[in-house]
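Naming: A, B, ... by sequence-line order, numbering from 1 per chain.
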Number of protein chains: 2
Amino acid sequence: MTEYYSQHDRLFVAVDCIIFGLNHGDLSLLLTKRRFEPEKGKWSLMGGFVEADESVEAAAQRVLHDLTGLHDVYMEQVGAFGAVDRDPGERVVSVAYYALINFDDLDREAMEKLDARWIGINELPPLCFDHPEMIAKARRALRRRFSTEPAAFRLLPKLFTMSQMQSLYETILDEEVDKRNFRKRVAELRCVVPTNLIDKRGSRRGARLFRFDVEEFRQHPQFKL
Amino acid sequence: MTEYYSQHDRLFVAVDCIIFGLNHGDLSLLLTKRRFEPEKGKWSLMGGFVEADESVEAAAQRVLHDLTGLHDVYMEQVGAFGAVDRDPGERVVSVAYYALINFDDLDREAMEKLDARWIGINELPPLCFDHPEMIAKARRALRRRFSTEPAAFRLLPKLFTMSQMQSLYETILDEEVDKRNFRKRVAELRCVVPTNLIDKRGSRRGARLFRFDVEEFRQHPQFKL
DNA sequence: TCAAAAGTGTTCAGGGTACACCCATGG
DNA sequence: CCATGGGTGTACCCTGAACACTTTTGA
């Protein structure tokens, strides 16, 4: 390869994944304890380095795959973090992504092998580097996304109740929502369809289960909540 | 320095600046012709490499300064672009920023020395690499920014008419706006204050000049358009 | 029988949108 | 005197917010 730019420095480029999931109804992040220096033993987002022959996006998918066993997960870039001393060990520029995964279909083994744990979004421990800043920015991006696109259905189980969906929205928007107004708005979305199934686990009376209809959404891509 | 991560690859990291300005009332980008290979001679965003001892943000400010002579310019990160072959010459990960600059106070000399030109946002020539994609993403970010924050005043001259401001919003939102409704909304913003001056250049009758009151905005940071 | 969550409509106000005509002036 | 851009007010609709009681059933 011709060395056009050889008078310039090369830097480590990393990715960090902010992995959102619903752990028994609670919006949570999948975190690990760092297994190497610097800051070994501290809580951390799952990260990895971008190698010369893979795109940044592909590196993020690879890191996520190693931890969860999942392929083709929905991810969105949060941004690049490039302070000189953000990693005290070396100069590393990191690109953060958030991922929305379905709690049910992740690979427990891979997860446990890497010492990963779900931690509630409002109970986060101290984290290494600038990871708290990445998380804050990811939450803002998520809020925008959730009010304009059907993203909740990537976190919710295939069948879900209105209470589950509302509680998820309340956590992400970080504000309480009126139950009747919420259900009224959802009822107008043709892509959220009721089933005949009742979930008896959450209450004596039981709650109707809904599902997200991808095909219907493709045809009527209106969404607002 | 300890080499914690030495088994991984190091990559070139660059910044590219999407420089918005009002060139005689038209929203425009400051573009240059590439002065080196690859794609020498093609139109390009102004870019540069991030060196080991400067933050990514600082690199963007440096690149912008070299071209415009300006310091402390308002910039917002657009995102990282990391496809393997985005630069056909070498593996380069680039972080894009957009900047809003005041057409009046830029340094013509630096600009001409680098063969830079203002080109209307709707008359862009073919550009090198993934720069069109960066610009598209920057325009989306700009649209969000303009509807929730007083950013227009970084592009407009210190004194401006309602027609100028409206036309700027129309270009950025990419839709026509009702004149009376627009003025009504602006009138409610305490940070946009009328002066007694009249601009006679644009019409026979003359148009009232307004200014943006930073201090007033600090005290009443409400803004919506 | 009671506790605990599910489910259900209406009213009201404020904001957003649509809309057309006169004004001032330089040439 | 006329062409050109500057400037102004109202009516209506519709969306978004507030708000409380009944239902079901397992324990």
When you match A:D178 and A:T161 each to their closest nucleotide on DNA chain C, which lands nearer the 5' end?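 Looking at DNA chain C, the more 5' nearest nucleotide goes with A:T161.
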Quick test of your reading: applying side-chain hydrogen bond (donor to acceptor under 3.5 Å, both in side chains), list the pairs with at least one residue in residues 66-76 of chain B, sequence neighbours left out, ordered by first then second residue.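 The answer is B:Y74-B:R145, B:E76-B:Y98, B:E76-B:R145.
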Which is true for A:R183 with a 4.0 Å heavy-atom rule: it touches a base, it touches only sugar-phosphate, or it touches nothing? base
Under 3.5 Å, N/O pairs linking protein and nucleotides 20-24 of chain C:
from, atom 1, to, atom 2, distance (Å)
C:dA20, N1, B:R180, NH1, 3.3
C:dC23, O2, B:R205, NH1, 2.6
C:dA24, O4', B:R205, NE, 3.4

Is the ring centre of A:F212 less than 6.0 Å from the ring centre of A:F160?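 No; A:F160 has its ring centre 6.0 Å or more from that of A:F212.
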Quick one: list whatever passes side chain to side chain donor-acceptor pair (under 3.5 Å) with A:E54, sequence neighbours left out.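 In terms of side chain to side chain donor-acceptor pair (under 3.5 Å), with neighbours along the sequence ignored, A:E54 is linked to A:R62.
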Under the rule for side chain to side chain donor-acceptor pair (under 3.5 Å), what residues qualify as partners of A:S28, not counting sequence neighbours?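 Testing A:S28 for side chain to side chain donor-acceptor pair (under 3.5 Å), a comparison that skips the adjacent residues, returns none.
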Any A:S163 side-chain N or O less than 4.0 Å from OP1/OP2 of C:dA6: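 Looking at the OP1 and OP2 atoms of C:dA6, one of them is under 4.0 Å from a side-chain N or O of A:S163.
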Salt bridge (Lys or Arg N to Asp or Glu O under 4.0 Å): which pairs involve residues 187-204 of chain B, sequence neighbours left out? B:R190-B:E216, B:D199-B:R201
Pairs touching residues 123-133 of chain B that satisfy salt bridge (Lys or Arg N to Asp or Glu O under 4.0 Å), sequence neighbours left out: B:R86-B:D130
Partners of B:F129 by ring pair (Phe, Tyr, Trp, His ring centres under 6.0 Å), sequence neighbours excluded? B:H131
For B:F81, enumerate each residue passing the ring pair (Phe, Tyr, Trp, His ring centres under 6.0 Å) test, keeping only those at least two apart in sequence or located in another chain. none
Exercise answer: donor-acceptor pairs, residues 100-119 of chain A side-chain atoms, under 3.5 Å, sequence neighbours excluded:
from, atom 1, to, atom 2, distance (Å)
A:N102, ND2, A:L156, O, 3.3
A:D107, OD1, A:E109, N, 2.9
A:D107, OD1, A:A110, N, 3.3

Could you tell me how far apart B:E175 (CD) and C:dT17 (C1') are, to the nearest whole angstrom?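 Checked: the CD to C1' distance equals 13 Å.
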Chain A on DNA chain D: first and last contacting nucleotide, 5' to 3', under 4.0 Å to a heavy atom? D:dG16 to D:dA27
Can I get a per-line list of side-chain donor-acceptor pairs under 3.5 Å for residues 165-172 of chain A, giving both atom names and the distance, sequence neighbours left out?
from, atom 1, to, atom 2, distance (Å)
A:Q166, NE2, A:E170, OE2, 3.3
A:Q166, NE2, A:V177, O, 3.0
A:Y169, OH, A:F146, O, 3.2
A:E170, OE2, A:V177, N, 2.9
A:T171, OG1, A:S167, O, 2.9

Sort me out a list of protein N/O and nucleotides 11-16 of chain C N/O pairs below 3.5 Å, or just none if empty.
from, atom 1, to, atom 2, distance (Å)
C:dG16, OP1, B:K224, NZ, 2.7

